[in-house]
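I have placed the structure first, in the form of C-alpha cells, so that the comments after it can refer back to it.
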Amino acid sequence: MPYRSVFHPDLFAGKTVIVTGGGSGIGRCTAHELAALGARVVLLGRKQDKLQVVAGEILEDTGQEALCFACDIRDEDKVRDAVAAIYNAVGQVDGLVNNAGGQFPSPVALISQKGWETVIRTNLTGGFLMAREVFMQGMNKSGGSIVNIVADMWGGMPGMGHSGAARAGMDNFTKTASLEWACAGVRVNAVAPGWIASSGMDTYPESMQQTIKTLRDAVPLKRLGMEAEVSSAICFLLSEGAAFINGDTLRIDGGASQGNVAMFPLPDHANSKPYDGFHRAVVPAVLKDIQ
Ligand SMILES: CCCCCCC/C=C/C(=O)SCCNC(=O)CCNC(=O)[C@H](O)C(C)(C)COP(=O)(O)OP(=O)(O)OC[C@H]1O[C@@H](n2cnc3c(N)ncnc32)[C@H](O)[C@@H]1OP(=O)(O)O
Ligand SMILES: NC(=O)C1=CN([C@@H]2O[C@H](COP(=O)(O)OP(=O)(O)OC[C@H]3O[C@@H](n4cnc5c(N)ncnc54)[C@H](OP(=O)(O)O)[C@@H]3O)[C@@H](O)[C@H]2O)C=CC1
C-alpha cells in the first residue's frame, strides 16, 4: 500500500538516508515514507531477503530504487565494511535512522549474562557503531542528520531491564554526539516510541500480548501507536524543518509518560464535569499520603 505522508513530496529529494532494521516494522514504514518523499533509501539489517522484499515494495510504490546491505550492527568489522560499501555506492549519506533493535521480555533476575549482553549490544553498541562509522566515513565532512530510536521507559519497566538500560544509554549518547558533532553540521536526535502496534510486537509471546492490552488502556489516547506515527516524527527530525533541533528526544506515546496515570486516574469527560471528582477525591488523598 502506498505510504501517505503529511510532508511535501520533495522533502528529501537528492538526499540519501540509511535505515537500520529497514526490513520490518517501524524501519520498513520509515523507509517507505522517506522514499515517498524523494529520498534514496539504504536498507540495512541482518537478513538480505527481508530487505529485498521491502526494496521491491518501495520500487512498486514510489519508483525509487532502495539499496540493501546485510549487516549485523553488533559486529564492528561488519559495520565498518557495510558503511564503506554504502559510501562507495552512494557517495554521500545525509541521514541515518538508527532503528534496528529489540529484546526478549524477561524479569531481570532471570536474564543470563549472554542475554544481557545480546540486548545491550543490539540496542546500544550497534547504534553507536553505526553512528560513528557514518560520521567518520563522510558525514563529518558533508553534514547530516541522525535519528536514534530509543524507547519510552524512563521510569523503568518490568521485563525490560536490559533494553531499558540500553535505551537510556542510547539517549545519553544522542546528547553527547549532538554536542560533539554540531560543529560538523551533524544534528543528532532521538525518538522514544511508547507502545506501537508494529510487526515486531507480534513476535512477543501470548502472555506479553495480554500485558500490552492492559498497558494500552493506561495510554491517555486509549490506543497503541501506529508505525506511521513514528516514521513521520523521524522524517521531521531528519528534515530541514528541524534544523534547530539538536540533542533532543521526542516522545511518541499518546501521553503515556506524562504524569503517573496509574496513581492519577484520568477524568471521564463524557460522564462528568472536567476534573469533577479528580481534584476533590484523588488530589487531597495523594497530598494527605505525602504529608
Ligand atoms: C510506555 C511505553 C513503553 C515502551 C516500551 C518499549 C517496548 C519495546 C517494544 C519493542 O521493541 S517491539 C519489537 C522489537 N523486536 C523484537 O524485540 C524482536 C524480537 N527479539 C529478538 O529478535 C531478540 O531478542 C534480539 C535481541 C533483538 C536479537 O536476538 P538474536 O537473534 O541475536 O539473539 P539469539 O542469538 O537468538 O540469542 C542470543 C542470546 O540472547 C538470549 N536470548 C535471546 N532470546 C531469548 C529469550 N526469548 N529468552 C531468554 N533469553 C534469550 C540468550 O542468552 C541467547 O543465548 P543462547 O540461549 O542462544 O545461548
Ligand atoms: N514497537 C514498539 O512498541 C517499540 C519499538 N521500539 C524500537 O523500535 C525499533 C523498531 O521496532 P519494531 O519495528 O517494532 O520491531 P522489528 O522487530 O520489526 O524491527 C527491528 C528490526 O531490527 C533488525 N535487527 C535486529 N537486530 C539487528 C542486528 N543485530 N543487526 C541489524 N539489524 C537488526 C531486525 O531485522 P533482522 O532480524 O532481519 O536483522 C528488524 O528488522 C526497535 O529498536 C524497537 O526495539 C521502541 C519502543 C517501542
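Counting convention: from 1, in listed order, for ligands and their atoms alike.
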Can you pull out the closest protein heavy atom to atom 18 (C) of ligand 1? Residue, atom name and distance to 0.1 Å, please. T203 OG1, 4.0 Å

One residue to check: Q113. Relative to ligand 1, which of side chain, backbone, both or neither has a non-hydrogen atom less than 4.0 Å away? neither

Are F69 and I18 close enough that some pair of their side-chain heavy atoms sits under 4.5 Å apart? no

At under 4.0 Å between heavy atoms, is it the side chain or the backbone of Q103 that contacts ligand 1, or both, or neither? both

Can any side-chain N or O of E229 pair as donor or acceptor with the backbone N or O of M226 at less than 3.5 Å? yes

Mark whether atom 31 (O) of ligand 1 lies under 4.0 angstrom from at least one protein heavy atom. yes

I want to confirm something. Looking only at heavy atoms, which of F104, W116, W154 is nearest to atom 48 (N) of ligand 1? F104

Which atom names give the shortest non-hydrogen contact between K175 and T249, and what distance separates them? NZ-OG1, 3.6 Å

Which of these, R216, E117, K114, has its nearest heavy atom closest to atom 58 (O) of ligand 1? K114

Within-4.5 Å side-chain heavy-atom neighbours: D152 and R167: no

Quick one: does W195 get an N or O within less than 3.5 Å of an N or O on ligand 1? no

Would you check if the side chain of N148 reaches a backbone N or O of A190 as a donor-acceptor pair within less than 3.5 Å? no

Residue-ligand contact S112/ligand 1, heavy atom below 4.0 Å: yes

Any protein heavy atom < 4.0 Å from atom 55 (O) of ligand 1: yes

Could you tell me the separation between the NZ atom of K78 and the CZ atom of R80, rounded to the nearest 0.5 Å? 13.0 Å

Residue contacts for ligand 2, heavy atom to ligand atom, distance under 4.0 Å: G21, S24, G25, I26, G45, R46, K47, K50, C71, D72, I73, R74, N99, A100, G101, G102, T122, I149, V150, A151, R167, P193, G194, W195, I196, S198, S199, G200, M201

Side chain of D253, backbone of P193: donor and acceptor closer than 3.5 Å? no

Side-chain (N189) to main-chain (G247) donor-acceptor, under 3.5 angstrom: yes

Rounded to the nearest 0.5 angstrom, the OG1-CG distance for T30 and L238 is 8.5 Å

How close does the nearest protein non-hydrogen atom get to atom 40 (O) of ligand 1, and which residue and atom is it? T118 OG1, 3.4 Å

Derivation and outcome, side-chain contact (heavy atoms from CB on, under 4.5 Å), residues I73 and L44: CA-CA 9 Å; I73 58 166; L44 187 143; 3.7 Å; yes

Do I196 and V150 land in one hydrophobic cluster if side-chain heavy atoms of ILVMFWY residues count as linked below 4.5 Å? no

Give the residue and atom name of whichever protein heavy atom lies nearest to atom 52 (C) of ligand 1, and the separation in Å to one decimal. G115 CA, 4.1 Å

Determine, counting only non-hydrogen atoms of the protein, whether one lies under 4.0 angstrom from atom 46 (C) of ligand 1. yes

Between CG of D10 and NZ of K15, what distance do you get to the nearest 0.5 Å? 12.5 Å

Where on R74 is there a heavy atom closer than 4.0 Å to ligand 1, on the side chain, on the backbone, on both, or on neither? side chain

Point-to-point distance, once rounded to the nearest 0.5 Å, from CZ of R121 to CD of E76: 10.5 Å

Min over I26, D152, I212 of heavy-atom distance to atom 1 (C) of ligand 1 lands on D152

Any protein heavy atom sitting closer than 4.0 Å to atom 34 (P) of ligand 1? no

F135 vs W181 aromatic rings, parallel, tilted or perpendicular, using cut-offs 30° and 60°? parallel

Among S257, G102, P193, whose heavy atom sits nearest atom 25 (C) of ligand 1? G102

Near M157 (heavy-atom distance under 4.0 Å), the atoms of ligand 1 are 3 (C), 5 (C)

Strictly less than 4.0 Å: does any protein heavy-atom distance to atom 37 (O) of ligand 1 fall in that range? no

Report, in ascending order of atom number, the atoms of ligand 1 lying under 4.0 Å from any heavy atom of G200. 13 (C)

We want to know whether Q103 and H162 form a side-chain donor-acceptor pair, criterion being a heavy-atom distance below 3.5 angstrom. no

Residue of the set H32, R28, E33 for which side chain to side chain contact (heavy atoms under 4.5 Å, CB included) holds with S231: E33

I'd like to check which ligand 1 atoms, numbered from 1 as shown, lie under 4.0 Å from a non-hydrogen atom of G194. 2 (C), 4 (C)

Report the nearest protein non-hydrogen atom to atom 22 (O) of ligand 1: residue, atom name, distance rounded to 0.1 Å. R46 NH2, 4.6 Å

Is atom 11 (O) of ligand 1 less than 4.0 angstrom from some protein heavy atom? yes

Given the rule that I, L, V, M, F, W and Y join up when any side-chain heavy atoms are under 4.5 Å apart, are L96 and M136 in one cluster? yes

